[in-house]
Amino acid sequence: MTELSYLIPANILQPLIDIANEILVWLHDLGLVYGAAIVALTFITRAAILPLSVKQIRSMRAMSALQPQIKELQERYKDDRQRMQREMMQLYQENNVNPFASCLPLLLQLPVFISLFYLLQGDEFKAEVREAGEQSWMFINDITEKATGSELIILLALYIGTSIIAGLIMTGRNASNQQRMIALGLPLIFTPIMIGFPAGLLVYWISTNLWTMGQQGVV
């Protein structure tokens with residue numbers, strides 16, 4: 001078990017764990033193998049929060065467009081932090097921009113991610129997957145266990161690559177260097193943590209990155 005088990009006890013999220021299990025079983029009954037069902041669960045989750053995701057994209061784009069003015073305020077009031085914050089908040093209000101809007105979709109996805117983490121490690125779900133003979137999927141030996149060897153390398157490469165591309169697409173061309181560094185750095189920071197997760201969780205996160213890329217193209 002990873003540190004996540006100690007930070008967030010399973011019983012707190014048991015209703016969500018049960019819902020995730022019901023959805024995966026339902027998708028499996030429709031004809032999807034469990035690996036594909038995880039991808040479908042990802043898309044269902046993202047579709048449910050689509051209005052907030054659209055607001056997130058527009059907010060990040062608006063923030064990028066305001067970067068020249070933000071830099072000007074930072075330079076003008078670099079010796080007066082309180083005045084700088086007031087002027088920046090006024091700039092956001094005048095342009096109808098919420099700097100915190102980009103965080104909400106990610107926060108809403110985390111409970112699903114954590115619930116899936118517990119579900120994949122549960123003995124009952126593992127028994128269901130093994131009974132169906134579907135623990136392996138594509139190049140993954142077992143979606144309920146940690147990936148190792150070449151499959152881990154492939155999953156991490158897909159996770160890092162899609163995370164970086166999705167992050168850069170979300171920030172836009174006018175993003176500040178700080179925004180770009182965050183988009184490039186966060187996947188690398190989380191990689192050591194991802195190594196300890198079941199392979200199915202990496203499938204979930206890669207799928208949500210692919211959704212983000214496609215969603216941005218549509219928006």
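When reading the values below, keep in mind they use all heavy atoms of this one structure, side chains included, and skip hydrogens, waters and symmetry mates. The chain is numbered in sequence order, starting from 1.
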Novice: Can you list the steps and then say if Leu210 with Met213 is a side-chain contact (heavy atoms from CB on, under 4.5 Å)?
Specialist: CA-CA 5 Å; Leu210 292 173; Met213 294 159 62; 4.3 Å; yes
Novice: To the nearest 0.5 Å, what is the distance between OG (Ser115) and CG (Asn21)?
Specialist: 11.0 Å
Novice: With rounding to the nearest 0.5 angstrom, report the OG1 to CG distance, Thr191 to Leu156.
Specialist: 6.0 Å
Novice: Could you grab the distance from atom CG of Leu202 to atom CD1 of Ile206, nearest 0.5 Å is fine?
Specialist: 6.0 Å
Novice: Do Gln121 and Pro198 come within less than 4.5 Å of each other through their side chains, counting heavy atoms only?
Specialist: yes
Novice: Can you confirm whether Leu119 sits close enough to Leu24 that some side-chain heavy atom of one is under 4.5 Å from a side-chain heavy atom of the other?
Specialist: yes
Novice: In chain order, what residues pass the salt bridge (Lys or Arg N to Asp or Glu O under 4.0 Å) check against Arg86, with sequence neighbours excluded?
Specialist: none
Novice: Check whether more than 12 heavy atoms from other residues, nucleotides or ligands sit under 6.0 Å from atom CG of Asp29, and answer yes or no.
Specialist: yes
Novice: Ignoring hydrogens, what is the shortest heavy-atom contact between Ile143 and Gly35? Give both atom names and the distance.
Specialist: CD1-N, 3.9 Å
Novice: For a 4.5 angstrom cut-off between non-hydrogen side-chain atoms, does Trp205 reach Ser163?
Specialist: yes
Novice: Is the gap between the ring centers of Tyr159 and Tyr204 under 6.0 Å?
Specialist: no
Novice: With distance as the sole test, does Arg46 use its side chain to make a donor-acceptor pair with the main-chain N or O of Thr208 at under 3.5 Å?
Specialist: yes
Novice: Would Glu128 and His28 count as a side chain to side chain donor-acceptor pair (under 3.5 Å) if you check the C-alpha gap in whole Å, the side-chain angles of each, and the deciding distance to 0.1 Å?
Specialist: CA-CA 11 Å; Glu128 290 178 16; His28 180 262; over 6 Å; no
Novice: Please test Ile44 against Leu27 for side-chain contact (heavy atoms from CB on, under 4.5 Å), starting from the C-alpha separation and ending with a verdict.
Specialist: CA-CA 11 Å; Ile44 290 171; Leu27 291 168; 4.3 Å; yes
Novice: How far apart are the C-alpha atoms of Phe113 and Phe197, what are their side-chain angles, what is the distance that settles it, and do they pass the side-chain contact (heavy atoms from CB on, under 4.5 Å) test?
Specialist: CA-CA 11 Å; Phe113 179 83; Phe197 288 154; 3.5 Å; yes
Novice: Roughly how far apart are Glu134 CD and Thr144 OG1, rounded to 0.5 Å?
Specialist: 12.0 Å
Novice: Between Asn141 and Glu145, is any side-chain donor less than 3.5 angstrom from a side-chain acceptor?
Specialist: no
Novice: Are any non-hydrogen side-chain atoms of Thr42 and Trp211 less than 4.5 angstrom apart?
Specialist: no
Novice: Got a salt bridge between Arg130 and Asp142, using NZ or NE/NH1/NH2 to carboxylate O under 4.0 Å?
Specialist: yes
Novice: Which residues pass the salt bridge (Lys or Arg N to Asp or Glu O under 4.0 Å) test with Glu72, sequence neighbours left out?
Specialist: Arg76
Novice: Between Ile153 and Met194, is there shared hydrophobic-cluster membership here, with clusters defined by ILVMFWY side-chain heavy atoms closer than 4.5 Å?
Specialist: no
Novice: Are the aromatic rings of Tyr34 and Trp137 close, with centres under 6.0 Å apart?
Specialist: no
Novice: Identify the residue among Leu32, Leu201, Leu120 that makes a side-chain contact (heavy atoms from CB on, under 4.5 Å) with Ile38.
Specialist: Leu120
Novice: State, to 0.1 Å, how close Glu151 and Ala147 come at their nearest heavy-atom pair, and which atoms those are.
Specialist: OE1-CB, 3.5 Å
